[in-house]
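Worksheet for the structure shown next.
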Amino acid sequence: MTFAKGIPLDSAAIMSTVLEGMLYGFSVLMFIGTIWALTYKCHMRDVNRPITVVAVLLLVLSTAHMVVDIIRTEEGLVQYRNTFPGGPEAFFAEIARKTFVIKNAIYVLQTLLGDGVVIYRCYVVWQTVWVIILPSVLWFSVAVTGVYSIYSFSHTTSISGDVFSHATRQWISAFYALTLATNLLSSGLLAYRIWKIERSIANSRTMKITTTNILRVIMDAAIVYSIALLCTLIGSVCSNNGSLVMIDMLMPIISIAFYMVIIRIAMGKKNHSHILTVRGRSISETDRGDLQHYPLKPLQVHVSPFTPNDSASVHRNGNQDRPSTGKSASMKGASYDV
């Protein structure tokens, strides 16, 4: 019996479990950092509950996939090693088994959740439904091809000696191609919008630094995920067993890409929130020097101790109603909701 090209299926199962376990451990650390970034020094009413729920769901799905993958590996290499006809490699070639179908169903759910979050970010930044119409259509196409692929798995046998039948491989390839297109389009729209905002606030150094950092981490996450998807797509089109390794690695990669964006945006928000308060109005620390040109005794300013000189006190009453010259670095569309 001949199997698909690439590494043997039993070796692929061991490799995928080990690599997924390593990435899963890193994603757990990233999850802890995400929860800390979302809740540190925040009241419960201020916590972004939808994003927190998504972060927990990604961890739950990754954990479930990791558990099922370990069970499948143990069954093929230990439990049925000497009893399954054809040995471990034949066991892993039977993709209609319950463990294989379940773990791929979990992967489809993880993909839909991750892509849905990126599309939601596009809507938040653009504030228009028209921009996300095409990404949403692609997202529904991913759902359709993913569900049909799972259905095909459950009705496919390895009698032909190939892990994937011709029809199943076509649907799997379409699923990865649509997922890659959805991710690239949504991330591109998101990055373009942030880049436009950065150009429009070029006079504000603080906001420009914040948007630049956000843009960089979004592009980094998109590139990492897209490269992994592209490798999986190529392996699937070529009927290479290496695609099975990449599929398992994609589970924690989706979580890591989500967590790294949330952590960076949350950290940027906390750094940007160190501001001074002047009669309920907020100014950035970079504009602190502008306030020192005017007497500040009638105002409550949270700065280091400051004692006005005698000449300033003479003119205090005349300048009491002088308007504040604190600059505002905020702008419509320049705030980001993680």
Worksheet item: Are Leu9 and Ile102 connected in the hydrophobic side-chain network, where two residues link if heavy atoms are under 4.5 Å apart?
Response: yes
Response to the item:
In Ile51, Leu189, Leu190, Ile132, the residue satisfying side-chain contact (heavy atoms from CB on, under 4.5 Å) with Arg121 is Leu190
Practice prompt. Not counting sequence neighbours, which residues clear side chain to side chain donor-acceptor pair (under 3.5 Å) with Thr17? List them please.
Written response: Thr73
Worksheet item: About how many Å separate CD1 of Ile150 and CG of Leu109, when rounded to the nearest 0.5 Å?
Response: 8.5 Å
Discussion item. Under the salt bridge (Lys or Arg N to Asp or Glu O under 4.0 Å) definition, can you give me all pairs with a residue in residues 23-38, not counting sequence neighbours?
Written reply: none
Fill in: Path from Met251 to Met22 over hydrophobic side-chain contacts below 4.5 Å
yes
Discussion item. To the nearest 0.5 Å, what is the distance between CD1 on Ile247 and SG on Cys231?
Written reply: 12.5 Å
Practice prompt. Share the residues that join Val147 in a hydrophobic cluster, the rule being Ile, Leu, Val, Met, Phe, Trp or Tyr side chains under 4.5 Å apart at the heavy-atom level.
Written response: none
Worksheet item: For Tyr80, what residues pass the ring pair (Phe, Tyr, Trp, His ring centres under 6.0 Å) criterion, not counting sequence neighbours?
Response: Phe91
Worksheet item: Is there a path from Phe140 to Leu184 through hydrophobic residues (I, L, V, M, F, W, Y) whose side chains come within less than 4.5 Å of each other?
Response: yes
Item to complete: Look at the rings of Phe153 and Phe100 and say which category their plane angle falls in: under 30° parallel, 30 to 60° tilted, over 60° perpendicular.
Response: perpendicular
Worksheet entry | Under 3.5 Å: donor-acceptor pair, side chain of Asp10, backbone of Glu89 | no
Worksheet item: So Ile119 and Ser136, side-chain contact (heavy atoms from CB on, under 4.5 Å) or not? Walk me through it.
Response: CA-CA 7 Å; Ile119 296 174; Ser136 298; 4.1 Å; yes
Practice prompt. Measure across Leu250 and Ala228 and return the closest heavy-atom pair with its distance rounded to 0.1 Å.
Written response: CD2-CB, 3.4 Å
Fill in: Pairs meeting criterion salt bridge (Lys or Arg N to Asp or Glu O under 4.0 Å) with involvement of residues 74-83, two or more places apart
none
Discussion item. Ignoring hydrogens, what is the shortest heavy-atom contact between Tyr123 and Val129? Give both atom names and the distance.
Written reply: CE1-CG2, 3.9 Å
Worksheet item: Of the non-hydrogen atoms in Ser226 and Ala222, which two are nearest, and what is the gap between them?
Response: OG-O, 2.7 Å
Worksheet item: Between the side chain of Ser16 and the main-chain N/O of Ala13, is any donor-acceptor distance below 3.5 Å?
Response: yes
Fill in: Separation of Asn183 CG from Leu138 CG (nearest 0.5 Å)
11.0 Å
Worksheet entry | Which residues share a side chain to side chain contact (heavy atoms under 4.5 Å, CB included) with Ala191, sequence neighbours left out | Leu215, Met219
Discussion item. Is the shortest side-chain heavy-atom distance between Tyr192 and Val131 below 4.5 Å?
Written reply: no
Worksheet, complete the sentence: For Leu113, the side chain to side chain contact (heavy atoms under 4.5 Å, CB included) test, sequence neighbours excluded, returns Val54, Leu57, Leu58, Leu61
Discussion item. Once side chain to side chain contact (heavy atoms under 4.5 Å, CB included) is applied, do any residues pair with Ser173, and if so which ones, sequence neighbours excluded?
Written reply: Arg169, Leu233, Ser236, Val237
Worksheet item: Is Val217 reachable from Val118 through a run of I, L, V, M, F, W or Y residues, each pair having side-chain heavy atoms under 4.5 Å apart?
Response: no
Worksheet item: Between Ala64 and Ile106, which heavy-atom pair has the shortest distance, and what is it?
Response: CB-CD1, 3.8 Å
Practice prompt. Could you check if a side-chain atom of Phe92 sits within less than 4.5 angstrom of a side-chain atom of Arg72, using non-hydrogen atoms only?
Written response: yes
Practice prompt. Could you check if a side-chain atom of Ser186 sits within less than 4.5 angstrom of a side-chain atom of Asp115, using non-hydrogen atoms only?
Written response: no
Worksheet item: Pairs in or reaching into residues 226-236: which pass salt bridge (Lys or Arg N to Asp or Glu O under 4.0 Å), with residues at least two apart or in two chains?
Response: none
Worksheet item: So if you build clusters from Ile, Leu, Val, Met, Phe, Trp, Tyr with side-chain heavy-atom gaps below 4.5 Å, do Val67 and Leu244 land together?
Response: no
Discussion item. If you compare all heavy atoms of Pro252 against all heavy atoms of Leu23, which two are closest, and at what distance to 0.1 Å?
Written reply: CG-CB, 3.4 Å
Fill in: Chi angles and distances behind the side-chain contact (heavy atoms from CB on, under 4.5 Å) call for Val144, Tyr148
CA-CA 6 Å; Val144 171; Tyr148 189 83; 5.5 Å; no
Worksheet item: Which pairs count as salt bridge (Lys or Arg N to Asp or Glu O under 4.0 Å) when at least one residue sits in residues 244-254, sequence neighbours excluded?
Response: Lys103-Asp248
If you look only at distance, which donor and acceptor atoms sit under 3.5 Å apart when one is on a side chain in residues 255-262 and the other is two or more places apart or in another chain?
unit_1: Ser255; atom_1: OG; unit_2: Ser62; atom_2: OG; d: 3.0
unit_1: Ser255; atom_1: OG; unit_2: Gln110; atom_2: NE2; d: 2.9
unit_1: Tyr259; atom_1: OH; unit_2: Ala55; atom_2: O; d: 2.9
unit_1: Tyr259; atom_1: OH; unit_2: Leu59; atom_2: N; d: 3.4

Worksheet item: Between Val108 and Ser149, does a side-chain contact (heavy atoms from CB on, under 4.5 Å) hold up when you go through it step by step?
Response: CA-CA 9 Å; Val108 172; Ser149 297; over 6 Å; no
Discussion item. For a side-chain contact (heavy atoms from CB on, under 4.5 Å) check, start with the C-alpha distance between Val56 and Phe31, then their side-chain angles and the critical distance, and finish with the verdict.
Written reply: CA-CA 8 Å; Val56 173; Phe31 170 77; 4.1 Å; yes
Worksheet item: Does some side-chain heavy atom of Phe84 sit less than 4.5 Å from a side-chain heavy atom of Gln79?
Response: no
Response to the item:
Rounded to the nearest 0.5 angstrom, the CD-SG distance for Gln127 and Cys122 is 12.0 Å
Worksheet entry | Partner set under side chain to side chain contact (heavy atoms under 4.5 Å, CB included) for Val142, not counting sequence neighbours | Thr111, Leu112, Phe175, Leu178, Thr179, Thr182
Fill in: Heavy-atom donor-acceptor pair, Ser27 side chain to Tyr24 backbone, under 3.5 Å
yes
Worksheet item: Hey, what do you get for CD1 (Ile172) to OG (Ser152), rounding to the nearest 0.5 Å?
Response: 7.5 Å
